[in-house]
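The block underneath contains the structure these notes are about, expressed in structure tokens.
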Amino acid sequence: ILDIDNFKSVNDTLGHLGGDAALKLLGNTMKQVFGNKVVLGRYGGDEFGIILKGKTNKDVEESIHVLRDGIAKRNWGDGSPWKISISVGCARYGEVPMKTVRELLNLADMRMYEEKKKNR
């Protein structure tokens, strides 16, 4: 699960159309980093779900690092001084006993919020 940090300030500064444009640019950046062999979708608001199949923990960590670099270098095209940063929570199927996909999502979501607290 990926969440944009402090996204409310983007909407407050640029309006919802500006926020939507930022979401689209972020989506395009994620597509560039992860390629076509990924399930990528908006999970809600400013959160995205990313499903990577057959990747090692190291592969995932490297992809997240590349994504963060790509976001930091992105020209958001509006002249704004703000920067987008992200918090990411990862969970691997089978790493802990769980019975449903919802439990897997909850674990990733919990880890994302743990990272968000660290980033403040």
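Computed from a prediction, not measured in an experiment: that's the story for all the values here.
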Got a second to check how far Thr100's OG1 is from Met98's CE, nearest 0.5 Å? 8.5 Å
Closest non-hydrogen atom pair, Phe7 against Gly19: CZ-O, 3.4 Å
Identify the heavy atoms of Ser9 and Thr13 that sit nearest to each other, and give their distance. O-OG1, 2.7 Å
Would you call Val10 and Ile4 a side-chain contact if the rule is heavy atoms closer than 4.5 Å? no
Asp5 versus Ser87, side-chain donor and acceptor atoms under 3.5 Å: yes
Would you say Asn11 and Lys8 make side-chain contact, with heavy atoms under 4.5 Å? no
Verdict with reasoning, Phe48 to Leu23, per side-chain contact (heavy atoms from CB on, under 4.5 Å): CA-CA 10 Å; Phe48 291 83; Leu23 289 172; 4.0 Å; yes
How long is the span from the NZ atom in Lys116 to the CD1 atom in Ile86, to the nearest 0.5 Å? 10.0 Å
Membership question, hydrophobic clusters at under 4.5 Å side-chain separation (ILVMFWY): are Leu2 and Tyr113 in the same one? no
CG of Asp69 to OG1 of Thr29: how many Å apart, nearest 0.5 Å? 12.0 Å
Could you see if Ile51 belongs to whatever hydrophobic cluster contains Leu104? Use Ile, Leu, Val, Met, Phe, Trp, Tyr and a side-chain cutoff under 4.5 Å. no
Between Met30 and Val33, is a side-chain contact (heavy atoms from CB on, under 4.5 Å) present by the stated rule, with each step listed? CA-CA 5 Å; Met30 288 188 284; Val33 169; 5.8 Å; no
With heavy-atom distances below 4.5 Å as the criterion, would you say the side chains of Leu105 and Tyr43 are in contact? yes
List the steps and the verdict of side-chain contact (heavy atoms from CB on, under 4.5 Å) for Glu61 and His65. CA-CA 6 Å; Glu61 288 174 16; His65 178 73; over 6 Å; no
When hydrophobic residues are tied together by side-chain contacts of less than 4.5 Å, even through go-betweens, does Val60 share a cluster with Met112? no
Show, in sequence, the C-alpha distance, side-chain angles and deciding distance for Leu25 and Ile84, and conclude whether the side-chain contact (heavy atoms from CB on, under 4.5 Å) test is met. CA-CA 11 Å; Leu25 286 167; Ile84 285 181; over 6 Å; no
Give a yes or no on whether Lys55 atom NZ has more than 12 heavy-atom contacts from other residues, nucleotides or ligands under 6.0 Å away. no
Does Asp59 reach the main-chain N or O of Thr56 with its side chain, forming a donor-acceptor pair under 3.5 Å? yes
Straight-line distance of Cys90 SG to Leu52 CG, nearest 0.5 Å: 8.0 Å
How would you list, by chain and number, every residue that makes a salt bridge (Lys or Arg N to Asp or Glu O under 4.0 Å) with Glu103, sequence neighbours excluded? none
Are Val88 and Ile50 close enough that some pair of their side-chain heavy atoms sits under 4.5 Å apart? no
To the closest 0.5 Å, what do you measure between CE (Met110) and CD1 (Ile1)? 12.5 Å
